[in-house]
2 protein chains.
Amino acid sequence: MPFELPNLDFASLRTLRLVHELGSFSRAAETLGLAQSTVSYTLARLREAFDDPLFVRQGQGIVPTTRCSEIVAQAGELLDRFEELAAPRDFEPAVASLEIGISCNYYERVTILPQIVRVLRCEAPGIRLKVISSTVQGKGQLTRSQSDILLGAVQIQEAGYFRRSLFKEDYVCIMDPQNPLAQAPLDLESFVRAPQVIVNYGDGYRARFLVEMETAGYQPNTAMEVPSPASMDRILLGTDLIATVPRRIAQTYQGDVASVACPVSAEIPIDMFWTARTHSSAPHVWLRSLIATVSGREAESLQDARSSDTEDTHAFPDQSF
Amino acid sequence: MPFELPNLDFASLRTLRLVHELGSFSRAAETLGLAQSTVSYTLARLREAFDDPLFVRQGQGIVPTTRCSEIVAQAGELLDRFEELAAPRDFEPAVASLEIGISCNYYERVTILPQIVRVLRCEAPGIRLKVISSTVQGKGQLTRSQSDILLGAVQIQEAGYFRRSLFKEDYVCIMDPQNPLAQAPLDLESFVRAPQVIVNYGDGYRARFLVEMETAGYQPNTAMEVPSPASMDRILLGTDLIATVPRRIAQTYQGDVASVACPVSAEIPIDMFWTARTHSSAPHVWLRSLIATVSGREAESLQDARSSDTEDTHAFPDQSF
DNA sequence: AATGTGAATCGAAAATTTCGATAGGTTAAC
DNA sequence: GTTAACCTATCGAAATTTTCGATTCACATT
């Protein structure tokens, strides 16, 4: 064996430092509230570990060996770093520097993230968001630690995930303002007949209102399919087409298109999910709280659809930006 | 109390690191040759110390919290530094960097140090010598850690000092080569009569041969007193003066002055002293060994004039320089 | 010599760590 | 679904380490 790597605890190093500082075993013991024999025993262990006398008697008192002084200098740094490491993390948004991963899709990127980003740039400029498309794999991304937070109209049954409802979304029908259907509330019959642009979101996902329509025995008059609701206004303007999109998406086209309530009632619950891995991390707690607050009032945290776990409410900043 | 600073040992941090690496308590226990419950208990202590779950269950196995990964990264550095600190110091002259303090006077600076410096520059260029004048305070300088090594014709009776004899020195009389006294061995009567330059070394120190003369009832014919034997040749040349100086000092004037044996026999033992503080330090051991080897053959180490402590003999380099 | 100061050592008590066994909880297979 | 496999958590007992008070030892000062 080349050399037996010794084990010591940080308290021993603190004792060593104190003895070095005070130049006395007895006074160190007194300061620490221990018996002198205890300090003596601790030093015996240190001597063993470092294979050096560390302190030698010199007349009245003791004198550190050169090696001892080296060790004390190094040990001081170790202690400082350890104590910093062990200190409770008081998270300060203003100075924190870290990356947080968010899985979501177009909808959340358009409706939730812009507000979050504005607050972050102002209050926590050191937090970097890494947003990835969740498609239908959001849960797996969470468990594989590819992201820390999953946002979306997802339903996770399994245990081991935390959930917080953000808000409920419903659908509106949008169309060219000249479209006759825009002049009055839309009835179901007209809605079914109207030529629609259907958003399929790729990956075989089917919008909730389509599922509801089907259940009720209706088929939409599909004139066109697109993978994303982005720039839907550009498509619709000047045509007789209508599109059924989440209300908050419709608001991003505001002014350019007319919107009316969708006669097929379908609510989409938008939730936030995370795992125990980040549950107790101060920055994550803070960001989740921010997301919940920014998203609306219906804040409510549940784990496994059982234990409620209300997070600290984020105090929304009243400063203007 | 603001926060209880926790105590941990380095073995716990190693366990943490291993669990993080292997992703399993059981496998870490197996690797360490411990029971799984032991690792579990160690993690309970770590969780307490860091106030964080550190690892959370995730299906099959466990996943580290974000805080845990931070801690492991930091702890890894702490462990590396600690292990480096605890590793046996294998002293390598070629790369060692440190300062060693030497107390001595003119005699040793002229006779011993030049050879030491040449070896150091060649073999241990990182060792910086800090030479201070010992005058008559050499012992105090040692005990106050103002120097690490004391060289000189000193006699320390007290315990607690290590000593190694370097060599014995005797006196020669030097003079202008034209001086009639230089032509034959000097007899005591001529010596006492001859006009001398007496070196008083300041500080009331009296050369050994003067003490011997006095004991024998003679007084030198003092023509002049100087504080140091430096440049004595410049003083003597062209005069009828003689000076009595240690033989190795006389050799530094070689060629310029004539020297004959001093009829008053007086041996000066030149010793090296140090304390327990540096006794076990590898670089100091090495340097002391070098000094002893360079100084002559009579190497012999004694503590308290009792316990002999022969140091490693320094293998004098046979390379030319 | 006697005295004082401070570290080392000793035996017993206290606290901590370790172990084996077992319980609790989740995943994969049948 | 039930079982089997595989984790970590927990428990009580045993082993080890740490602490303490008292004493001894070493050195320095009076």
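Proteins get letters first, then strands, A, B, ... in listed order; numbering begins at 1 in each. Side chains included, hydrogens not; waters and symmetry mates left out as well; all remaining heavy atoms used. Computed from a predicted model, the values in this text were never measured in an experiment.
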Nearest heavy atoms of B/Phe25 and B/Val39, plus distance in Å: O-CG1, 3.9 Å
Sugar-phosphate only, base, or nothing, as touched by A/Tyr41 at under 4.0 Å among non-hydrogen atoms: base
OP1 or OP2 of D/dA9 under 4.0 Å from side-chain N/O of B/Arg47: yes
Sugar-phosphate, base or nothing in reach of A/Phe25, heavy atoms under 4.0 Å: sugar-phosphate
Side-chain N or O of A/Arg45 closer than 4.0 Å to phosphate OP1/OP2 of D/dT18: yes
Closest contact, heavy atoms only, A/Arg81 versus B/Arg81: NH1-NH1, 3.9 Å
Atom-to-atom span, CG of A/Leu43 to P of D/dT18 - whole angstrom: 13 Å
First of A/Arg57 and B/Phe55 reached from the 5' end of DNA chain D, by closest nucleotide: B/Phe55
B/Phe50 and A/Phe82 aromatic ring geometry - parallel, tilted or perpendicular at 30°/60° bounds: perpendicular
side-chain contact (heavy atoms from CB on, under 4.5 Å) partners of A/Ala282, counting only residues at least two apart: A/Phe91
Of all pairs that satisfy side chain to side chain donor-acceptor pair (under 3.5 Å), the ones with a partner from residues 47-59 of chain A, not counting sequence neighbours: A/Asp52-A/Thr65
Length of the CD1-P vector between A/Ile62 and D/dC27, whole Å: 15 Å
Where chain A begins and ends its contact with DNA chain C, read 5' to 3' at 4.0 Å from heavy atoms: C/dG6 to C/dT9
Pairwise side chain to side chain donor-acceptor pair (under 3.5 Å) hits with a residue in residues 27-42 of chain A, at least two apart: A/Thr42-A/Arg45
Contact residues, residues 26-39 of chain A to DNA chain C [heavy atom, < 4.0 Å]: A/Ser26, A/Arg27, A/Gln36, A/Ser37
Pairs flagged by side chain to side chain donor-acceptor pair (under 3.5 Å) wherever residues 11-20 of chain B is involved - sequence neighbours left out: B/Asp9-B/Ser12, B/Arg14-B/Glu83, B/His20-B/Ser69
Length of the line joining B/Leu22:CG and D/dC6:C1', which is rounded to integer Å: 16 Å
Nearest heavy-atom neighbours spanning B/Gln141 and B/Ser103: OE1-OG, 2.7 Å
Salt bridge B/Arg277-B/Asp148, side-chain N to carboxylate O under 4.0 Å: yes
